[in-house]
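One structure is given here, and the rest of the page talks about it.
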Amino acid sequence: MRNTIVPIVIVVVTLAGLWYAAVVPMNIKTALTDAERGGAVVDPSGAKDRRNLSPFSLVAKNTFAIRQTFNQARPRLPAPHQILVELWNTTANKKITSKRSLVFHGWITLSATLLGFAIGTGLGIILAVGIVYNRAMDMSVMPWAIASQTIPILAIAPMIIVVLNSIGIQGLLPKAIISAYLSFFPVVVGMVKGLRSPDPMQLDLLKTYNSNSVQGFWKLRLPSSIPYLFASLKIGIAASLVGAIVGELPTGAIRGLGARLLAGSYYGQTVQIWSALLAAACLAATLVAIIGLLQRITLKRMGML
Amino acid sequence: MSAVILAMIIWPLAWWINIRLANSSASNTRRIKLLVPAIFGLTLLAVWELLVRGLEVPLVILPPPSMIFDTFCQKLPILWKDFVQTFVKGALSGYAIGCLAAFFTALMVDRFDFLRRGLLPVGNFLAALPIIGTAPILVMWFGFDWHSKSAVVVLMVFFPMLVNTVSGLGETTSMQRDLMQTYAAGSWQAFAKLRLPAAMPFIFNGLKISTTLALIGAIVAEFFGSPTVGMGFRISASIGQLALDMVWAEIVVAAFAGSAFYSAVVIIEKGITFWHPSQRG
């Protein structure tokens, strides 16, 4: 354990250091403009003359402005501590029912993600069972299911939202449908692979036990598909979250993490974008970690780990 | 109404044909294997067309396939311009930069064990994140044109590619590496003749995953701001005008571009990893 934690910490600290170092040249121009407005002497003076100069030479000539680059209201690149402060302010210091609370927006996105994930996984498993037990279905549907993975399905997300909106379906469900759609195909492909994973010897053994195909499903095929299922679920839940976030874009930035991203980009609120992004990242990491935990527990109880 | 009834006849009929074909003795021939999904796809299209026309579904909800095809043919010049802007300029350039950068990072990770233990878990973590969310930031930094789309694509393909390449480079067994040593191979020779070829199936796996991600990244990044050309721009603008036939035409282009891109990588893979069991079939 210690073998991995120390390098990870060093890598993360290095990345944070690089980030802080990048903040200075990224923000120096606006910082100098602000400083000049405040009456400071800037070399060279006038934002116009500075426009085409390299940020590094500006930093070298105006070292006094370095401090300001870390504390701007709308920086091009916010410093990590600014994002963490914003994240803390919008989660812990706000009531969770407030429209400025990230917990509120995160919950909107999370509920769409989970609903869509449940629908997509359920339908995916059902279709996979159909494919494994029905040869005609296998031959008709499976090539399309595989081909559809090469298609950028996410591109139709805005259309689904708007079309469902026009026939009166709003709120959670349209986003959930996109999430379901994105998590559906990984589950189908993984589950078909999993249900077919028992080798002929094992299937023959069940036949010698005089088991029927229902027993074969519950006692052999389903248990041996579980590792494949969990691998697909991990991909599926990450895809679901992306689907829910993208599904929040075309409704015009009302609620949800995707709306925070879009509103931030409309109004140049970079700190808000970054904090929404970090919240989405934490959400994704937590969801994948929960699935991973379930995987370990389940496989251990099934004696497969 | 007659169209709806016709659709209800066509669906079971085609399904019955497919069941007959799938259970016939010739079901393992290549012809039948292509024919069955083709019948299924065409039936879906026919039922879609008949139901939309028969039930008089408004065009702003679902246009029939024939109309989408018409739009596709009429607007070909616009679609081509969008394709060049989004796919050739945005997605392809980002794909190339991202995959090459990930490959060389993977070489570094493979060379230094410290990076493997430190950078790889971080990379694994980042690979599962909704990287598409960085699009608004990158659009702000690199402007509305294709450079920002390319940057989004670089970030999206980098981590899957990195993780796959690193696990590929660790694929050789100690016996194989020992054999290289008995041949007095230097570390460069062992890399070029043994470890790189052994990593190729994994590298191509990463390349294949990245093809779809590249297109998604380039299209979605355009939702956050773009010049007045590009597939993502056209999709969001046409939705605003409720011109759904145009949206569907763009989706057709995206589907073709995505599967052509993927197939191109598969063909290259077949040429390079011809020795791998999965290719010898």
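All of these numbers come straight from a predicted model, not from anything done at the bench. Below, chain A is the first sequence line, B the second, and so on; all start at residue 1.
Between A/S140 and B/W15, the shortest heavy-atom contact is OG-CZ3, 3.7 Å. The heavy-atom pair separating A/I273 from B/P136 by the smallest distance is CG2-CG, 4.0 Å. The minimum heavy-atom distance between A/G268 and B/M140, with the atom names listed, is CA-CE, 4.2 Å. A pairwise comparison of heavy atoms in A/V163 and B/L244 identifies CG2-CD1, 3.4 Å as the closest pair. Of all heavy-atom pairs between B/P130 and A/L241, the closest is CG-CD2, 4.2 Å.
For B/F204, there are no ring-ring contact (aromatic ring centres under 6.0 Å, His included) partners two or more places apart in sequence or in a different chain. With sequence neighbours excluded, no residue forms a ring-ring contact (aromatic ring centres under 6.0 Å, His included) with B/F224.
Options B/I137, B/L213, B/I235, B/L119 differ in how many heavy-atom pairs under 4.5 Å they form with chain A, and the most are formed by B/I137. Of the residues considered (A/A289, A/A281, A/A238, A/A147), A/A281 shows the highest number of contacts with chain B, using heavy-atom pairs under 4.5 Å. Per-residue counts of heavy-atom pairs under 4.5 Å with chain A were compared for B/I39, B/I61, B/L215; the largest is that of B/I61. Per-residue counts of heavy-atom pairs under 4.5 Å with chain A were compared for B/P121, B/A254, B/G118, B/G240; the largest is that of B/G118.
Of the atoms belonging to A/V12, it is side-chain heavy atoms, and not backbone ones, that fall under 4.5 Å from chain B. Of the two parts of B/I19, the backbone and the side chain both hold a non-hydrogen atom closer than 4.5 Å to a non-hydrogen atom of chain A. Looking at B/I251, the atoms closer than 4.5 Å to chain A (heavy atoms on both sides) all sit in the side chain, from C-beta outward. Contact annotation for B/S259: both backbone and side-chain heavy atoms come within less than 4.5 Å of a heavy atom of chain A. At a 4.5 Å heavy-atom cutoff, A/M142 makes no contact with chain B through either its backbone or its side chain. Both the backbone and the side chain of B/T134 come within contact range of chain A, with heavy atoms under 4.5 Å apart.
Looking at heavy atoms from C-beta onward, A/V246 lies out of side-chain contact with B/I216 at the 4.5 angstrom threshold. Contact of the B/W141 side chain with the A/L77 side chain is registered, since non-hydrogen atoms from C-beta on lie closer than 4.5 Å. Residues A/W144 and B/L44 fail the side-chain proximity criterion, which asks for heavy atoms closer than 4.5 Å. Side-chain contact between B/L242 and A/V162 is present, with heavy atoms from C-beta onward closer than 4.5 Å. Between A/M139 and B/N18, the closest side-chain pair of non-hydrogen atoms is not below 4.5 Å. Within the 4.5 Å cutoff, side-chain heavy atoms of B/V122 are placed close to those of A/I8.
For B/F114, the CZ atom is densely surrounded, since the number of other residues' heavy atoms within 6.0 Å is greater than 12. Sparse packing is recorded around OH of A/Y267, with 12 or fewer heavy atoms of other residues, nucleotides or ligands lying under 6.0 Å away. Other residues, nucleotides and ligands contribute at most 12 non-hydrogen atoms within 6.0 Å of the NZ atom of A/K193.
A donor-acceptor contact shorter than 3.5 Å is absent between the side chain of A/R135 and the backbone of B/N23.
Once rounded to the nearest 0.5 Å, the distance linking CG of A/N165 with CD1 of B/I239 reads 11.5 Å. For the atom pair CD1 of B/I219 and CD1 of A/I156, the computed distance is 11.0 Å after rounding to the nearest 0.5 Å.
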